Colleague: 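I'd like to ask you about the structure that follows.
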2 protein chains.
Amino acid sequence: MFTIKDVAALANVSPSTVSRVLSNSPRISEETKERVRRALEELDYHPNVFARGLVTNTASSIGVFIPPGMREFFVNPFFSEMMSGVSEVAGRAGFDIVLSTSAQDEEDAVDRMIRGRRVDGLILLGSRDNDPVLEKVALYSFPAVLLGRPARDGAISFVNNDNVQAAYEATMHLILLGHEKIGFLGGAFNLIVTIDRLTGFRKALFESGISSSPQMEISSVFLEQGGYQGMMHLLALPTRPTAVLASDDVLAFGAMRAAGELGYQLPDDLAIIGFNDIRLAELANPPLTSVRVHMHELGAAATEMLVGQIHESTLGVQSKIVESELVIRKSCGFQRANQMPPSYQDRVD
Amino acid sequence: MFTIKDVAALANVSPSTVSRVLSNSPRISEETKERVRRALEELDYHPNVFARGLVTNTASSIGVFIPPGMREFFVNPFFSEMMSGVSEVAGRAGFDIVLSTSAQDEEDAVDRMIRGRRVDGLILLGSRDNDPVLEKVALYSFPAVLLGRPARDGAISFVNNDNVQAAYEATMHLILLGHEKIGFLGGAFNLIVTIDRLTGFRKALFESGISSSPQMEISSVFLEQGGYQGMMHLLALPTRPTAVLASDDVLAFGAMRAAGELGYQLPDDLAIIGFNDIRLAELANPPLTSVRVHMHELGAAATEMLVGQIHESTLGVQSKIVESELVIRKSCGFQRANQMPPSYQDRVD
DNA sequence: TTGAAAGCGCTAACAA
DNA sequence: TTGTTAGCGCTTTCAA
C-alpha cells in the first residue's frame with residue numbers, strides 16, 4: 001500500500017506536488033504532471049480516504065437514515081426503488097452511500113454520522129411527530145433533506161408528495177364508485193405520511209357528507225402481515241367497509257390476502273386502493289389500483305437537493321413536491337363514465 | 001464540534017488519558033475515568049471517525065458491492081431482503097454499511113473501497129465468470145465474502161444456495177407433473193447463478209430422457225420486463241413450452257404477465273416456477289410456486305462470515321451453503337399424490 | 001496511573 | 001512553478 005510520499009519519491013518531487021497533481025491544480029507544469037502521473041500509475045496509487053477526509057473535513061459520502069424503529073421499511077419495495085434514485089445521483093456526484101444501521105439508539109446513530117463526520121449530508125426517512133433526528137440536524141445545521149414532510153414547516157428541506165391531496169383523490173375515486181363505508185389502513189399514526197393520507201381521506205369523506213368513524217381507521221406495522229391483520233379487524237366490524245384505502249401497497253396486499261381468505265371477491269365484494277404503485281401492483285390479483293408516487297424520482301430529487309446543499313453550504317430551506325397520480329386498475333371495479341370527473345377519464349389503464 | 005483536546009482540558013488531563021478512557025483502558029483510575037466521563041458528557045463529545053480510522057487503519061464499516069452492470073438488482077426484492085440480513089448483523093457488530101455507487105468502472109469502484117481503506121471488508125454480489133473484482137480482492141487479500149458461488153473453487157469465501165440441486169428439484173417437480181416441453185428463463189448467462197440453475201435444469205431433463213433445446217433457454221435482464229419479453233419469445237416458439245422455470249421471481253412475474261396477456265390460463269395452460277420466494281410470490285395470481293432461498297439468512301450469514309474474517313484477520317477460505325426448499329403453491333397445478341416423491345409430500349402449502 | 005511526543009496520510013498556507 | 005511546514009483528531013509508544 002503506497003502513500004503519497006512513495007509517489008513523491010519515485011517522481012522526484014515533494015508530496016505537496018503530488019497532491020496538486022491529484023487535484024489537477026493548474027499551477028503545475030505539464031512536464032512534472034506527466035512525471036507524477038507515471039509514478040502514480042506505476043505504484044497503482046489510491047488515496048487514503050480517511051487521511052483526506054481528516055484534513056478537508058469531508059467524507060464524500062451521504063448517509064441514509066432509517067429510524068431504528070422502522071427497520072421493516074428496509075424490505076418495502078418503496079425503499080429499494082427510492083434507493084435506486086439516491087444511488088443514481090449520488091454516484092454521479094461522486095458520493096458513496098452510508099446506511100446507518102448500528103446503535104439501537106437513534107440519537108446515537110445520527111451522532112455517529114454527523115458528529116463523527118462520517119458523511120457530508122443526510123437523507124432522512126420516516127418523518128414523525130417530534131422527530132429527534134430533525135432537531136439534531138437543525139442543531140448542527142447539518143446538510144440534510146427529509147424524504148417526506150416535516151411536522152413543522154420550515155424546519156428542514158424536504159422532498160415529498162402531496163399526500164393529503166393524493167389520498168383525497170383516491171378516496172373520492174372510491175366514493176364516486178358508490179362506496180359509503182370506507183376503511184383506512186395506515187402505518188403508525190405518529191408518522192407524518194400516515195397523518196397526511198388520513199387527513200386527505202377524512203376530507204374526502206367529509207366533503208361527501210359521509211361520517212367517519214375511528215373504528216374504520218386502522219394503524220398497523222408497515223408489513224404485509226400488518227395489512228392482513230388490519231383488514232381482518234375491518235372485516236370483523238358490525239358494518240364492514242365495502243372499500244379500503246391502504247396507505248401502502250404492501251399493506252394493500254396484506255388486505256387482499258385477508259379478504260381472499262375470508263372469501264370476499266375483489267372488486268365485487270370489496271374495493272381496495274394502495275399507495276406507491278410498486279412494480280408488483282400491476283401483477284396482483286386483481287391488479288391493484290394505486291397512487292403512483294414515483295419512488296425513484298423521490299429519491300433522486302432528494303439526493304440532488306442534498307448534493308446542492310453540501311456544495312453551496314448555505315442554501316436555506318428548500319422543498320419540492322413530486323407529482324403523484326392515481327393509477328386505476330381492477331381492484332375497485334369500473335366506474336360508469338358519467339360518474340367520473342373529467343380529470344380521471346384519461347387515466348384509466 | 002469538540003475534540004479530544006477540549007475534553008482533556010476540561011477534565012484537566014492529557015489527551016491520551018481521554019483516549020484511554022474512551023477505550024476503557026484498565027490502567028486508568030476510576031476517579032479520573034469519572035472525571036473524564038463527565039467532561040465527555042458535558043461537551044457531548046463524539047470521536048471523529050476519520051481521525052481514528054487513520055491511525056487504527058480501520059473503517060468500522062463494511063462495503064456491499066454491486067457490479068455497475070447490475071444496477072437493476074437494486075430494485076429486486078432479493079436485494080432488500082438480503083440487505084436486511086446484512087444490516088442486522090453488521091449493526092450488531094458495530095459496522096456501518098457502505099454501498100458502492102459511483103464510478104462506472106468497477107475496478108475503480110472496488111479500488112476506492114479497498115485501497116482507499118473506506119471499508120474493512122466487502123460483501124460481493126453478482127458472481128460472474130472471470131470476475132475482475134474477485135481478482136482484486138484476492139490480490140490484496142482483502143476480507144471479502146461472495147454472496148453466490150465463485151467460478152473457481154477456493155478463490156474466495158462464499159455463502160450460497162445449492163442452486164444446481166434446487167433447480168434440479170424444481171424441474172423434477174415440473175416433470176413429475178407431466179410436462180415435457182419446459183422452458184428456462186434466466187438472467188445473464190455469464191452469471192454463475194444462471195449457470196448453476198441452468199445446469200440443474202438440464203440435469204433434470206437429461207435424467208428424465210427429455211431432450212433440451214437452446215431455444216428453450218432464454219437469457220434476459222433481471223427485471224419484470226425481462227421475464228415478460230423472454231416469455232413472449234418462448235410462447236412464440238413453434239412448439240411452445242407447457243412449463244417454465246424462471247431463475248428469479250421477478251422474471252416469473254413478468255412471464256405470468258406475458259402469459260396472461262396472451263390469454264393463457266395458469267396453471268391449466270402453463271406452469272411456472274420462480275426462484276427466491278419473495279414475499280409477493282404468495283400474493284400473485286395464481287400464487288407462485290417458488291424456490292425459497294432464505295434471502296435474509298443469506299445476507300446475515302455472509303455478513304457473519306465477513307465480520308469473522310475481519311476480526312481474526314487470517315481465517316482462510318470458508319464457505320456455507322444455506323438450505324433452500326421448493327414452496328409449492330398454485331402456479332403449476334396439482335400433482336397426483338402417487339406421482340410425488342415422498343420428500344415433496346409435506347411441503348405442499 | 002498518567003503525560004509527552006510522534007505519527008497515521010493527506011492538504012494547504014506560506015515561502016521561495 | 002515547486003518545496004517546506006504545520007496540522008487535521010486521534011492512538012500509541014515511551015517515559016516518568
Side-chain angles (χ1 to χ4, degrees), chain A residues 1-37 39-40 43-61 94 111-120 140, chain B residues 1-37 39-40 43-61 94 111-120 140:
Chain A
M1 198 86 359
F2 297 104
T3 73
I4 208 168
K5 275 188 191 163
D6 301 311
V7 178
L10 182 62
N12 249 304
V13 293
S14 73
S16 39
T17 299
V18 177
S19 175
R20 290 191 186 102
V21 173
L22 249 19
S23 60
N24 201 19
S25 156
R27 321 181 319 179
I28 300 284
S29 72
E30 269 313 316
E31 201 183 322
T32 28
K33 270 189 184 172
E34 209 28 68
R35 198 148 36 89
V36 170
R37 287 205 183 105
L40 251 13
L43 299 183
D44 191 20
Y45 169 84
H46 280 265
N48 181 313
V49 189
F50 286 3
R52 177 178 284 172
L54 185 55
V55 24
T56 61
N57 219 358
T58 59
S60 60
S61 60
D111 270 334
R112 279 190 56 169
M113 294 269 217
I114 299 185
R115 325 252 351 240
R117 298 243 144 249
R118 177 176 277 285
V119 298
D120 299 318
Y140 304 124
Chain B
M1 197 86 2
F2 296 106
T3 75
I4 210 169
K5 274 186 191 163
D6 302 311
V7 178
L10 182 60
N12 247 305
V13 293
S14 73
S16 36
T17 300
V18 176
S19 175
R20 291 190 185 102
V21 173
L22 248 19
S23 60
N24 202 18
S25 156
R27 319 182 320 180
I28 299 284
S29 72
E30 267 314 316
E31 201 183 323
T32 27
K33 271 191 185 173
E34 208 28 68
R35 197 146 37 89
V36 170
R37 288 207 181 104
L40 251 12
L43 298 183
D44 191 19
Y45 170 83
H46 281 264
N48 180 314
V49 188
F50 286 2
R52 176 177 287 173
L54 185 55
V55 22
T56 61
N57 219 358
T58 59
S60 61
S61 59
D111 269 334
R112 278 190 55 170
M113 292 270 218
I114 299 185
R115 323 253 349 244
R117 299 241 143 253
R118 178 176 274 287
V119 299
D120 300 316
Y140 305 124

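Note that the coordinates shown come from a computational prediction; the quantities given were computed from them, not determined experimentally. The sequence lines fix the lettering, A, B, ..., with proteins before strands; numbering per chain opens at 1.
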Colleague: With rounding to the nearest 0.5 Å, note down the distance linking CG in B/Asp6 to OH in B/Tyr45.
Modeller: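 If we round to the nearest 0.5 Å, B/Asp6:CG and B/Tyr45:OH are 9.5 Å apart.
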Colleague: Between the side chains of B/Ser60 and A/Arg118, is a donor N or O closer than 3.5 angstrom to an acceptor N or O?
Modeller: yes
Colleague: Any side-chain heavy atom of A/Pro47 sitting closer than 4.5 Å to one from B/Arg117?
Modeller: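 SC-SC contact between A/Pro47 and B/Arg117 ruled out.
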Colleague: Please check if any side-chain donor atom of B/Ser23 sits under 3.5 Å from a side-chain acceptor atom of B/Ser25, or the reverse.
Modeller: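 Absent: no donor and acceptor within the cut-off.
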Colleague: Ignoring the backbone of B/Thr17, work out which of D/dT2, C/dG3, D/dG3 is nearest its side chain.
Modeller: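 Selected nucleotide: C/dG3.
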Colleague: Considering the terminal five base pairs at each end of the helix from C/dT1-D/dA16 to C/dA16-D/dT1, what angle separates the two local helix axes, rounded to 10°?
Modeller: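 Between the axes fitted at each end of the helix from C/dT1-D/dA16 to C/dA16-D/dT1 lies an angle of 40°.
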Colleague: Between protein and nucleotides 7-16 of chain C, map the contacts as a letter string: B base, S sugar-phosphate only, - none, heavy atoms under 4.0 Å, written 5' to 3'.
Modeller: -BBBSBB---
Colleague: So does A/Ala59 get a backbone contact from the side chain of A/Asp120, meaning a donor-acceptor N/O pair under 3.5 Å?
Modeller: yes
Colleague: Taking the side chain as every heavy atom from C-beta outward, state whether A/Glu34 and A/Val36 have any atom pair closer than 4.5 Å.
Modeller: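 Side-chain contact under 4.5 Å: no.
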Colleague: What is the separation between atom CG on A/Asn24 and atom P on D/dT2, rounded to the nearest whole Å?
Modeller: 13 Å
Colleague: Do the non-hydrogen side-chain atoms of B/Ile114 and B/Val119 ever get within less than 4.5 Å of each other?
Modeller: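 No. Closest side-chain heavy atoms not under 4.5 Å.
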Colleague: Quickly work out the A/Arg118 CZ to D/dC10 P distance and round it to whole Å.
Modeller: 14 Å
Colleague: Considering residues at least two apart in sequence or located in another chain, which fulfil the side chain to side chain donor-acceptor pair (under 3.5 Å) criterion with B/Ser19?
Modeller: none
Colleague: How close or far is atom P of C/dT1 from atom CD of B/Glu34, stated in whole angstroms?
Modeller: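 Rounded to whole Å, this separation is 16 Å.
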